[in-house]
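Note on naming: letters A, B, ... go to the chains in the order of the sequence lines (proteins, then strands), and numbering restarts at 1 for each one. Small disclaimer: the values here were computed from a predicted structure and weren't measured.
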Amino acid sequence: MPTQHSRVTARLMMTPAVLLLLGWMLVPLGLTLYFSLLRYNLLMPGMEQWTGLDNYRYFLTDPAFLDALRNTLLLVGGVLVITITGGVLLALLLDQAFWGRGIVRLLMIAPFFIMPTVSALVWKNMFMNPVTGLLAHAAKVVGLEPFDFLAVAPLFSIILMVSWQWLPFATLILLTALQSLDSEQLEASEMDGANSLDRFIFIVLPHLARAITVVILIQTIFLLSIFAEILVTTNGGPGTASTNLTFQIYALSLLQFDVGGGAAGGVIAIILANIVAIFLMRMIGRNLDA
Amino acid sequence: MGQIRLKAVSKSFGDVEVIPPLDLEIGDGEFVVFVGPSGCGKSTLLRLIAGLEDATSGCIEIDDVDATILAPAKRRLAMVFQSYALYPHMTVRANMAFPLRMAGIERDERKKKVEAAARVLNLTEYLDRRPGQLSGGQRQRVAIGRAIVREPAAFLFDEPLSNLDAALRVNMRLEISELHRNLATTMIYVTHDQVEAMTMAEKIVVLQGGRIEQVGSPLDLYHAPCNVFVAGFIGSPRMNFISGAEAARHGASTIGIRPEHLAISNEEGTWQGRVGIAEHLGSETFLHVHLAEDQGTFTVRAGGDVDLGHDETVHLTPDASRIHRFDAVGQRLA
Ligand SMILES: Nc1ncnc2c1ncn2[C@@H]1O[C@H](COP(=O)(O)OP(=O)(O)OP(=O)(O)O)[C@@H](O)[C@H]1O
Ligand SMILES: [Mg+2]
């Protein structure tokens, strides 16, 4: 039990850190809120004026906003589905004993260490390019028309790239969870007459639930703000086909120099992210209880 | 039905032969206990029977059907693990119903069977809890319940009581014995606790280094251990051994005498010694007596009211009819 005295000391000791963090958070947030209420365009310096909620109205009624919202959710959802399904399968595979397992596990993590811009460029130029890309060659070898990924299915292509990057993370977390599964439980279920599919559904998957929850929460945080992959591959296009909220805000503030509109978009993005977070915690948060 | 026969079954892990070929017959409805020191292969043998390990050679028959390569689920055996191996995310009810569900039994039928088993095991009020919310003893009972509902040909227990405290262990021991009496199903029970073995078994299989040292009823093993290992392993406190000239007088290379078959006296007796530690249990006293001429230390079981202090000189006399004689390689001499 901490004594009264030690508790006071603890508070005192923590104060600087807490103040620093608060400032760190509150100043940018305050500024963003402030800018979002101004008509503030860098092309017209010195003309800033108070506009109330106009920026918000413009941002929300812009047809591009709904596209961006949909693309954001599709991007997050698509990557989550691919990484978790793939992660579970790969974790099951890597949990088996096979020759060279150590090396394979090491190679598995590699994509996670590659910078998003680099991996996106590699995907764009080496794989998905309709003329020189490997996938185009592969298609030609089997006699198919090469598929122009980034032009025809830009969002899907980005989902693929991002999934490739996040797959190792999901696999690693799920693999460690898998290794903590008590082998006697599996043996007991085997004696109880469960075949391997039953064992997966009734024993392995529930055991992985908590790890899957962690993967979903962490990945969602990062996937909501995917930016580099879009910037270096499609630039949000064609049209707004691959623009997510982050990219739309970037385009507004730094391509159209509309600081006020960008700030309003930022505030809306914060609110949406919190809505997503609340939804997630409602749906799967109870998995985290012991 | 639950008759199990092992014919020249052996098991190796890599080059290490953990169980050399052995034969064993377990009759229908028998309560058989495997005992032996740690690492002697008890669990391995049980897992071979369960089908969780493949036999390296030999053949396992269950009810006269060759089951050597049968999948565990097809052998109609139920196993209770040392760690209980309950499914943590399922309620007690779902845990117990799991084998029935896997067997494709109707929901109503499942419910009936689970509730019947829960009544037998006093688990009715815990049916909707999860294993994490139960005590060790209750978890143990759920594990047994999960085994019972399948109505298996035989139950396999691997040290099921070793995680429980002493009082609960005594209780569960009785409950399992009671269960065996009621169900009359074959049970194979692994333990390294010879008290459990003696009290529960109809037949004890003593193992050492993967080999069967002796098979017999508890009292057979107590009265006529077939070698020094079994003599020393069965019985608590353990048998006293003496070799050399004393043993030669009985025409053996080693003789053994149990603590309860030694009479103690202040005046006269066969062997003289000094009292070392005395353990007073109330109902009885275990005296550790250091024999004269460095012949070793004997444990003597005396009444609860003996009043012998440290370093007192005492005389011990063995009950001549209870002396066990062993030859140079440790085998019993008739
Ligand atoms: N998977 C395995 N691979 C290699 N050796 C093993 C394996 N399982 C068991 N062994 C070895 O087999 C021997 C018997 O093990 P087993 O688990 O059957 O012992 P036990 O009699 O049950 O011991 P305890 O009373 O400690 O549970 C041990 O020496 C052990 O090291
Ligand atoms: Mg064991």
Side-chain angles (χ1 to χ4, degrees), chain A residues 84-85 87-88 91-92 95-102 173-217 280-290, chain B residues 43 46-54 70-91 94-105 110 130-133 139 142-160 163:
Chain A
I84 285 171
T85 327
V88 170
L92 286 175
D95 196 34
Q96 310 296 315
F98 58 84
W99 191 84
R101 182 167 70 166
I173 300 248
L174 294 173
L175 180 62
T176 49
L178 205 57
Q179 283 167 342
S180 73
L181 176 56
D182 177 13
S183 64
E184 285 199 345
Q185 266 180 47
L186 286 176
E187 287 175 347
S189 63
E190 197 177 340
M191 296 217 54
D192 283 345
N195 60 29
S196 35
L197 186 65
D198 291 330
R199 284 207 292 279
F200 177 71
I201 294 173
F202 293 109
I203 313 291
V204 177
L205 220 45
H207 176 78
L208 290 181
R210 188 182 299 200
I212 291 178
T213 310
V214 170
V215 171
I216 291 181
L217 291 178
L280 279 180
M281 289 311 285
R282 272 282 164 83
M283 278 193 306
I284 56 177
R286 69 192 154 78
N287 282 340
L288 295 179
D289 298 339
Chain B
S43 299
L46 197 70
R47 293 165 57 83
L48 282 171
I49 296 173
L52 295 172
E53 274 333 322
D54 290 323
L70 225 52
K74 298 265 154 56
R75 300 190 183 196
R76 298 179 298 118
L77 306 175
M79 183 146 164
V80 176
F81 292 82
Q82 180 175 354
S83 69
Y84 315 138
L86 299 178
Y87 312 129
H89 48 275
M90 297 183 196
T91 60
N95 261 285
M96 285 167 64
F98 189 74
L100 302 176
R101 189 165 164 195
M102 289 300 110
I105 288 170
R110 282 203 310 250
R130 277 165 203 265
Q133 302 163 319
R139 281 182 218 185
V142 176
I144 294 173
R146 190 171 65 186
I148 292 180
V149 291
R150 294 177 52 195
E151 295 168 13
F155 291 96
L156 312 177
F157 293 92
D158 191 356
E159 307 201 19
N163 290 341

Best-contacting candidate, B:Q82, B:R150, B:M90, against chain A by heavy atom pairs under 4.5 angstrom: B:R150

Option in B:P88, B:A103, B:G51, B:A94 with maximal non-hydrogen atom pairs under 4.5 Å from chain A: B:P88

Contacting moiety of B:R75, where chain A heavy atoms sit under 4.5 Å: neither

Minimum-distance pair of heavy atoms, taken over all atoms of A:E190 and B:L52: OE1-CD2, 4.2 Å

Which atoms of B:A50 approach chain A - backbone, side chain, both or neither, heavy atom under 4.5 Å: both

Side-chain (B:H89) to main-chain (A:I203) donor-acceptor, under 3.5 angstrom: no

Derivation and outcome, side chain to side chain contact (heavy atoms under 4.5 Å, CB included), residues A:E187 and B:M79: CA-CA 9 Å; A:E187 287 175 347; B:M79 183 146 164; over 6 Å; no

Centroid separation A:F202 to B:F98 less than 6.0 Å: yes

Evaluation steps, side chain to side chain contact (heavy atoms under 4.5 Å, CB included), between B:F81 and A:D182: CA-CA 12 Å; B:F81 292 82; A:D182 177 13; over 6 Å; no

Per-residue contact mode, A:S183 against chain B (heavy atom under 4.5 angstrom): neither

Closest approach of A:G193 to B:A73 (non-hydrogen atoms, all atoms of both residues): CA-CB, 3.3 Å

B:L100, part contacting chain A, at a heavy-atom distance under 4.5 Å: neither

Interface moiety of B:R101 toward chain A, non-hydrogen atoms closer than 4.5 Å: side chain

Over all atoms of both residues, closest heavy-atom pair of B:M102 and A:D192: CB-O, 3.4 Å

